[in-house]
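Since we're looking at a predicted model, the values are computed, not measured.
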Amino acid sequence: MIEYFFTCPYCWERISMLLDEEMERNYIEDCEVCCRPIEIECKLAGERVLFFNARPIEGIK
Ligand SMILES: [Zn+2]
C-alpha cells in the first residue's frame, strides 16, 4: 500500500489515501474532510505512482 497525498477538488484540503496496486484504475473515494465523492484515476507501477488525477463527480457549489 502506498500513502498518497493530494488536494481535494471541493474543499482544497490536503488529504491522503492509500493506494493499492490491486486497485482498479478508476474509482470513487469520499473526501475525508468534506465527505464528497471524488473520482480518482491513477496508474501505479509497483510502489510508484505514475499518474494520479482527482476530480469532482458532482458540480462544485
Ligand atoms: Zn474535501
Side-chain angles (χ1 to χ4, degrees):
M1 299 287 268
I2 307 160
E3 189 174 24
Y4 192 82
F5 290 89
F6 65 101
T7 303
C8 172
Y10 299 102
C11 65
W12 301 104
E13 289 291 334
R14 192 162 177 266
I15 57 178
S16 70
M17 64 178 296
L18 291 171
L19 302 178
D20 190 323
E21 293 163 41
E22 308 286 312
M23 268 180 178
E24 289 181 28
R25 286 179 182 174
N26 289 68
Y27 53 97
I28 305 299
E29 177 83 9
D30 288 342
C31 172
E32 61 192 36
V33 178
C34 68
C35 299
R36 282 181 278 191
I38 305 163
E39 185 178 3
I40 304 293
E41 187 183 353
C42 67
K43 197 176 287 187
L44 303 182
E47 296 282 292
R48 289 186 50 201
V49 179
L50 299 179
F51 174 80
F52 188 94
N53 186 41
R55 60 174 175 263
I57 64 164
E58 57 181 40
I60 299 174
K61 285 146 195 158

- prompt: Are F51 and M17 in one and the same hydrophobic cluster, where Ile, Leu, Val, Met, Phe, Trp and Tyr link if side-chain heavy atoms are under 4.5 Å apart?
  reply: no
message: Test: salt bridge (Lys or Arg N to Asp or Glu O under 4.0 Å). Region: residues 1-11. Which pairs qualify, not counting sequence neighbours?
response: none
message: If I take atom CD from residue E13 and atom SG from residue C34, how far apart are they, to the nearest 0.5 angstrom?
response: 8.5 Å
message: Counting C-beta onward and ignoring hydrogens, is there a side-chain heavy-atom pair between F6 and I38 closer than 4.5 Å?
response: yes
- request: Give, for atom SG of C11 and atom CD of E32, the distance between the pair rounded to the nearest 0.5 Å.
  value: 9.0 Å
message: What I'd like to find out is whether the side chain of I15 reaches to under 4.5 Å of the side chain of F5, using heavy atoms alone.
response: no
Please report, to 0.1 Å, the donor-acceptor pairs under 3.5 Å made by any side chain of residues 39-48, with sequence neighbours excluded.
from : atom 1 : to  : atom 2 : distance (Å)
E39  : OE1    : R55 : NE     : 3.3
E39  : OE2    : R55 : NH2    : 3.4
E41  : OE1    : R55 : NH1    : 3.3

Working for side chain to side chain contact (heavy atoms under 4.5 Å, CB included), residues L18 and I2: CA-CA 5 Å; L18 291 171; I2 307 160; over 6 Å; no
- request: For Y4, check ring pair (Phe, Tyr, Trp, His ring centres under 6.0 Å) against everything at least two apart and list the hits.
  value: F52
